[in-house]
Amino acid sequence: MYEVFQTAISANRFDLTALTEKVTKYHVEGKLTDEQRDSLLAQAQAQADPHNSYGSWQDEADKLWAAIRELQTTEPPVEEYPQWVQPTGAHDAYPLGAKVTYKDKRYESAIGANVWSPDVYPAGWKLQ
């Protein structure tokens, strides 16, 4: 298997990322020794075409990871008055003070365990 990889590297027609993954896979499976793996990876990195190598994508990858980190640390905006949804029972009833939008108007629940819409039970909601 070592010779097959050497031939591919010598032909200089390979994607560095894909080749690295395959070499690593064969190494983990015990089909390549540590020395063979290290040798192949060094040869591949030395002969890699920048247009087919991971290195040419490094800036884009860095930008992508930066954006992901920003999304992970940024709190999503909380809709202050989410659209009213009919509760199916006590487990998802609106608590006292819950804010909702119903028919383009904003309401606050005036009672606890509120399962009624503002149309059905107006006393259960305060128009905001």
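The shown structure was predicted, so the numbers you read here are calculated from the model rather than taken from an experiment.
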Enquirer: Please tabulate, for side-chain N and O atoms in residues 112-128, each donor-acceptor pair with protein atoms closer than 3.5 Å (sequence neighbours left out).
Expert:
{"from": "Asn114", "atom 1": "OD1", "to": "Trp116", "atom 2": "N", "distance (Å)": "3.1"}
{"from": "Asn114", "atom 1": "ND2", "to": "Ser109", "atom 2": "OG", "distance (Å)": "3.2"}
{"from": "Asn114", "atom 1": "ND2", "to": "Gly124", "atom 2": "O", "distance (Å)": "3.0"}
{"from": "Ser117", "atom 1": "OG", "to": "Asp119", "atom 2": "N", "distance (Å)": "3.4"}
{"from": "Ser117", "atom 1": "OG", "to": "Val120", "atom 2": "N", "distance (Å)": "3.2"}
{"from": "Asp119", "atom 1": "OD2", "to": "Tyr102", "atom 2": "OH", "distance (Å)": "3.0"}
{"from": "Asp119", "atom 1": "OD2", "to": "Lys103", "atom 2": "NZ", "distance (Å)": "2.6"}
{"from": "Trp125", "atom 1": "NE1", "to": "Trp116", "atom 2": "O", "distance (Å)": "2.8"}
{"from": "Gln128", "atom 1": "NE2", "to": "Lys126", "atom 2": "O", "distance (Å)": "3.4"}

Enquirer: Members other than Leu96 in its cluster, when Ile, Leu, Val, Met, Phe, Trp, Tyr link by side-chain heavy atoms under 4.5 Å?
Expert: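 For Leu96, no cluster forms, as it stays isolated from other hydrophobic side chains.
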
Enquirer: Considering non-hydrogen atoms only, spot the tightest contact between Asp15 and Thr17 and give its length.
Expert: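 In this case the closest contact between Asp15 and Thr17 is OD1-N, 2.9 Å.
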
Enquirer: With rounding to the nearest 0.5 angstrom, report the CD to CE distance, Gln6 to Met1.
Expert: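 So the gap between those two atoms works out to 12.5 Å.
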
Enquirer: Give me the atom names and distance for the closest heavy-atom approach of Gln86 to Trp84.
Expert: OE1-CH2, 3.0 Å

Enquirer: How close do Leu16 and Thr20 get, heavy atom to heavy atom, and via which atoms?
Expert: O-OG1, 2.7 Å

Enquirer: Got a sec, which residues hit side chain to side chain contact (heavy atoms under 4.5 Å, CB included) with Glu80, two or more places apart in sequence or on another chain?
Expert: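 Residues passing side chain to side chain contact (heavy atoms under 4.5 Å, CB included) with Glu80: Lys99.
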
Enquirer: Test of understanding: with salt bridge (charged side-chain N to carboxylate O under 4.0 Å, His left out), list the residues that count as partners of Lys25, not counting sequence neighbours.
Expert: Glu29

Enquirer: Can you check side-chain contact (heavy atoms from CB on, under 4.5 Å) on Val23 and Phe5, steps first, answer last?
Expert: CA-CA 8 Å; Val23 167; Phe5 282 117; 3.8 Å; yes

Enquirer: Show the nearest heavy-atom pair for residues Pro87 and Ala93, with the distance to one decimal.
Expert: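 Closest approach of Pro87 to Ala93, heavy atoms only: CB-CA, 4.0 Å.
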
Enquirer: Could you give all pairs that pass the salt bridge (charged side-chain N to carboxylate O under 4.0 Å, His left out) test and reach residues 108-118, with sequence neighbours left out?
Expert: none

Enquirer: May I have all residue pairs that pass salt bridge (charged side-chain N to carboxylate O under 4.0 Å, His left out) and include part of residues 86-95, sequence neighbours excluded?
Expert: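 Qualifying pairs: none.
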
Enquirer: Would you name the heavy atoms of Tyr94 and Val100 that are closest together and state the gap between them?
Expert: CE2-CG1, 3.5 Å

Enquirer: Got a sec, which residues hit side chain to side chain contact (heavy atoms under 4.5 Å, CB included) with Ser10, two or more places apart in sequence or on another chain?
Expert: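 Checked Ser10 against side chain to side chain contact (heavy atoms under 4.5 Å, CB included); zero matches.
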
Enquirer: For a side-chain contact (heavy atoms from CB on, under 4.5 Å) check, start with the C-alpha distance between Leu19 and Lys22, then their side-chain angles and the critical distance, and finish with the verdict.
Expert: CA-CA 5 Å; Leu19 184 81; Lys22 288 178 184 174; 5.5 Å; no

Enquirer: Taking only residues two or more places apart in sequence, or in another chain, which ones meet Asp104 in a salt bridge (charged side-chain N to carboxylate O under 4.0 Å, His left out)?
Expert: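 Salt bridge (charged side-chain N to carboxylate O under 4.0 Å, His left out) check on Asp104 returns nothing, list empty.
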
Enquirer: Identify each donor-acceptor pair in which a side-chain atom of residues 37-44 lies under 3.5 Å from a protein atom, sequence neighbours left out, and give them as a table.
Expert:
{"from": "Arg37", "atom 1": "NH1", "to": "His27", "atom 2": "ND1", "distance (Å)": "3.3"}
{"from": "Ser39", "atom 1": "OG", "to": "Tyr2", "atom 2": "OH", "distance (Å)": "3.1"}
{"from": "Ser39", "atom 1": "OG", "to": "Gln43", "atom 2": "NE2", "distance (Å)": "2.9"}

